[in-house]
Amino acid sequence: MSTWFWIALPLLFVVGLFVGALKDTKQIEKFVKKNRDKMHLKDWDTEERKRDDWGVPPGDYHADDKDNKDKETKD
């Protein structure tokens, strides 16, 4: 009997996790459907096209040039 207990207890726990996850998913779906017009959704096509330049204008800074200038002044 104790063997069945050690087999069934973890299985019940895992089944409970799945049931809880399904309930949460359904609640989230209802919330999203209800409040979709209030959400600021991103257009992923335009997000992918954006270039992340980190605030440095192109052509202004080159890490290799700085290292080369330091070496030239030391010689």
Side-chain angles (χ1 to χ4, degrees):
M1 182 167 149
S2 67
T3 305
W4 287 107
F5 177 75
W6 289 109
I7 293 172
L9 191 63
L11 287 176
L12 286 174
F13 178 73
V14 170
V15 169
L17 287 177
F18 279 113
V19 170
L22 287 173
K23 286 182 181 179
D24 290 342
T25 304
K26 291 190 184 231
Q27 288 178 353
I28 291 171
E29 285 177 357
K30 287 179 185 177
F31 177 78
V32 168
K33 285 179 184 176
K34 187 170 72 173
N35 297 319
R36 188 170 181 85
D37 57 335
K38 298 177 187 174
M39 295 180 185
H40 302 287
L41 301 175
K42 291 185 178 182
D43 184 15
W44 291 106
D45 293 332
T46 57
E47 288 291 323
E48 289 176 358
R49 284 188 222 129
K50 286 184 181 177
R51 183 170 173 237
D52 193 9
D53 60 0
W54 295 83
V56 178
D60 283 354
Y61 174 75
H62 299 287
D64 296 337
D65 293 343
K66 183 179 178 185
D67 293 337
N68 290 337
K69 287 179 185 176
D70 291 340
K71 288 179 184 176
E72 291 173 2
T73 56
K74 289 180 182 178
D75 292 336

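Applying the side chain to side chain contact (heavy atoms under 4.5 Å, CB included) rule to L12 yields no partners; only residues at least two apart in sequence or on another chain are considered. Annotation: side chain to side chain contact (heavy atoms under 4.5 Å, CB included) contacts of V15 (sequence neighbours excluded): V19. With sequence neighbours left out, F31 forms a side chain to side chain contact (heavy atoms under 4.5 Å, CB included) with N35, M39.
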